[in-house]
> 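Sharing a structure here in structure tokens format.
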Amino acid sequence: MKSLKKEKKIIIFYESKHRIIKSLKTIIKIFGENRNILLAKEMTKIWEIIHKTTTINLLYLFENKKIKKKGEIVLVIDGYKEKKDDISDKIIKTFKILKDTISIKKAIEITAKIHKIKKNKLYNFIIKKY
């Protein structure tokens, strides 16, 4: 599941009523407390429930028996949304290697080209962090 942390597409899990609490705790640990999640229970039945919330709130609802652990449970987790200043470790590593041998300006320019990101985005990140 850890490999799915930065998956940009939605992730769908069919979950057992016996594992739902443990699975939600794992999801929170990996994806964070505020990742949007949709719960679909008993789909195509009269008592179908669809509830969109955050991962931590869904866990709270199950633990406090606001939602019963019965029936078919499908979890749909929102895809990863890249933050504006989210620069990967790989990009930072490239920049650090280059800045030791060439000017910061040139290092930013080359790093941006290598990783196909905007120079301004990288420049703003570098200014804030270094």
Side-chain angles (χ1 to χ4, degrees):
M1 200 184 296
K2 286 181 183 177
S3 64
L4 298 173
K5 182 177 182 173
K6 291 196 174 186
E7 176 60 55
K8 292 181 181 179
K9 299 176 186 141
I10 63 167
I11 304 162
I12 302 171
F13 291 103
Y14 181 79
E15 198 50 79
S16 140
K17 62 184 178 183
H18 306 289
R19 287 190 317 242
I20 189 66
I21 301 286
K22 185 178 177 186
S23 295
L24 282 170
K25 286 178 180 178
T26 302
I27 288 168
I28 289 167
K29 186 177 175 183
I30 294 169
F31 297 101
E33 295 181 346
N34 295 316
R35 181 77 69 103
N36 288 328
I37 190 167
L38 180 126
L39 165 77
K41 279 184 60 179
E42 301 294 339
M43 293 190 308
T44 73
K45 298 186 177 133
I46 325 172
W47 48 88
E48 174 181 294
I49 296 173
I50 296 184
H51 191 79
K52 187 174 182 184
T53 186
T54 60
T55 51
I56 193 73
N57 192 39
L58 188 59
L59 176 63
Y60 171 83
L61 293 171
F62 272 109
E63 285 182 332
N64 291 292
K65 296 176 179 40
K66 306 282 184 197
I67 297 177
K68 293 180 182 174
K69 294 188 286 182
K70 275 183 151 181
E72 303 161 352
I73 300 170
V74 177
L75 300 175
V76 181
I77 303 172
D78 242 6
Y80 176 75
K81 307 260 188 299
E82 193 171 306
K83 297 174 192 148
K84 258 189 169 176
D85 67 345
D86 193 17
I87 303 290
S88 74
D89 292 340
K90 193 175 180 181
I91 295 170
I92 294 168
K93 188 175 180 180
T94 304
F95 169 75
K96 284 181 178 180
I97 292 168
L98 290 172
K99 84 171 174 80
D100 290 339
T101 56
I102 59 177
S103 72
I104 292 176
K105 181 182 176 184
K106 202 70 174 159
I108 289 171
E109 189 178 314
I110 293 170
T111 303
K113 278 185 182 178
I114 291 170
H115 294 284
K116 297 178 180 147
I117 62 170
K118 293 183 177 182
K119 282 191 298 186
N120 285 352
K121 180 179 178 181
L122 182 57
Y123 176 80
N124 290 332
F125 178 81
I126 298 298
I127 294 302
K128 286 179 190 173
K129 300 292 180 184
Y130 294 96

> Determine whether Arg19 and Phe13 satisfy the following criterion, side-chain contact (heavy atoms from CB on, under 4.5 Å), listing intermediate values before the conclusion.
CA-CA 12 Å; Arg19 287 190 317 242; Phe13 291 103; over 6 Å; no
> Can you list every salt bridge (charged side-chain N to carboxylate O under 4.0 Å, His left out) pair that touches residues 35-46, not counting sequence neighbours?
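Qualifying pairs, neighbours excluded: Glu42-Lys45, Lys45-Glu72.
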> Is there a side-chain contact (heavy atoms from CB on, under 4.5 Å) between Leu24 and Thr55 once you walk through the steps?
CA-CA 7 Å; Leu24 282 170; Thr55 51; 5.6 Å; no
> Between Phe95 and Ile87, is the side-chain contact (heavy atoms from CB on, under 4.5 Å) condition met? List the steps.
CA-CA 11 Å; Phe95 169 75; Ile87 303 290; over 6 Å; no
> Do Ile110 and Ile91 sit in one hydrophobic cluster, given that two such residues count as connected whenever their side-chain heavy atoms are within less than 4.5 Å of each other, even indirectly?
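No, because Ile110 and Ile91 fall into different hydrophobic clusters, even though each may have its own neighbours under 4.5 Å.
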> Roughly how far, to the nearest 0.5 Å, is the NZ atom of Lys96 from the CD1 atom of Ile126?
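Separation between the atoms: 9.0 Å.
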> The criterion is side chain to side chain donor-acceptor pair (under 3.5 Å); which residues satisfy it with Asn34, sequence neighbours excluded?
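Checked Asn34 against side chain to side chain donor-acceptor pair (under 3.5 Å); zero matches.
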> Taking atom CD1 of Ile104 as the centre, does the number of heavy atoms from other residues, nucleotides or ligands within less than 6.0 Å exceed 12?
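Not buried by this count: 12 neighbours or fewer within 6.0 Å.
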> With rounding to the nearest 0.5 angstrom, report the OG1 to CG distance, Thr101 to Leu98.
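Answer for the OG1-CG pair, Thr101 versus Leu98, is 5.5 Å.
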> On a heavy-atom basis, which atom in Thr44 and which in Glu48 lie closest, and how many Å separate them?
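In terms of heavy atoms, the two residues are closest at N-OE1, 2.8 Å.
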> Among residues two or more places apart or on two chains, list those pairs meeting side-chain hydrogen bond (donor to acceptor under 3.5 Å, both in side chains) that have a residue in residues 58-69.
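Every pair satisfying side-chain hydrogen bond (donor to acceptor under 3.5 Å, both in side chains) with a residue in residues 58-69: there are none.
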> With sequence neighbours excluded, what pairs up with His115 under the side chain to side chain donor-acceptor pair (under 3.5 Å) test?
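Side chain to side chain donor-acceptor pair (under 3.5 Å) list for His115, sorted by chain: Thr94.
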> For a side-chain contact (heavy atoms from CB on, under 4.5 Å) check, start with the C-alpha distance between Phe31 and Asp78, then their side-chain angles and the critical distance, and finish with the verdict.
CA-CA 10 Å; Phe31 297 101; Asp78 242 6; over 6 Å; no
> As an exercise, state the distance from CG of Leu61 to CD1 of Ile56, rounded to the nearest 0.5 Å.
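If I round to the nearest 0.5 Å, the distance is 10.5 Å.
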> Return the NZ to OG1 distance between Lys99 and Thr111, rounded to the nearest 0.5 Å.
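These two atoms lie 11.0 Å from each other.
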> Is Ile27 close to Met1 at the side-chain level, that is, under 4.5 Å between some pair of heavy atoms?
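Yes, close enough: below the 4.5 Å cut-off.
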> Testing the basics here: between Ile73 and Lys17, what is the closest heavy-atom pair and its distance to 0.1 Å?
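Between these two residues, the closest heavy atoms are CD1-CA, 3.9 Å.
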> According to a hydrophobic-cluster definition based on side-chain heavy atoms being under 4.5 Å apart (Ile, Leu, Val, Met, Phe, Trp, Tyr only), do Ile10 and Ile50 belong together?
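The answer is yes; both residues are in one hydrophobic cluster.
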> Decide yes or no for Leu75 and Leu38: does some side-chain heavy atom of the first lie under 4.5 Å from some side-chain heavy atom of the second?
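Contact flag for Leu75/Leu38 side chains = no.
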> Under a 4.5 Å side-chain heavy-atom rule over Ile, Leu, Val, Met, Phe, Trp and Tyr, are Trp47 and Ile20 clustered together?
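No.
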> Please find the pair of heavy atoms, one from Leu122 and one from Ile108, that lie closest to each other, and give the distance.
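Minimum heavy-atom contact is CD2-O, 3.5 Å.
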> With hydrophobic residues grouped by side-chain heavy-atom distances under 4.5 Å, do Phe62 and Val74 end up in a single group?
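Looking at the clustering, Val74 is in a separate group from Phe62.
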> Got a sec, which residues hit side chain to side chain donor-acceptor pair (under 3.5 Å) with Asn124, two or more places apart in sequence or on another chain?
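Side chain to side chain donor-acceptor pair (under 3.5 Å) check on Asn124 returns nothing, list empty.
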> Would Ile12 and Ile49 show up in the same hydrophobic cluster when neighbours are defined by side-chain heavy atoms closer than 4.5 Å?
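Looking at the clustering, Ile49 is in a separate group from Ile12.
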> Taking only residues two or more places apart in sequence or in another chain, which ones pass salt bridge (Lys or Arg N to Asp or Glu O under 4.0 Å) with Glu109?
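Glu109 satisfies salt bridge (Lys or Arg N to Asp or Glu O under 4.0 Å) with Lys106 once adjacent residues are dropped.
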> Could you tell me which residues satisfy side chain to side chain donor-acceptor pair (under 3.5 Å) with Glu33, sequence neighbours excluded, listed by chain and number?
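Per chain and number, Glu33 pairs via side chain to side chain donor-acceptor pair (under 3.5 Å) with no residue.
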> Please list, chain by chain and in numerical order, all residues satisfying side-chain contact (heavy atoms from CB on, under 4.5 Å) with Thr53, sequence neighbours excluded.
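Partners of Thr53 by the side-chain contact (heavy atoms from CB on, under 4.5 Å) criterion, ordered by chain and then number, come out as Ile37, His51, Asn57, Leu58.
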> Around Met43, counting heavy atoms of other residues, nucleotides and ligands shown, do more than 12 lie under 6.0 Å from its CE?
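Counting neighbours around CE of Met43, 12 or fewer heavy atoms of other residues, nucleotides or ligands fall under 6.0 Å, so no.
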> Not counting sequence neighbours, list each pair that qualifies as a side-chain hydrogen bond (donor to acceptor under 3.5 Å, both in side chains) and has a residue in residues 20-29.
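Qualifying pairs, neighbours excluded: Glu15-Ser23.
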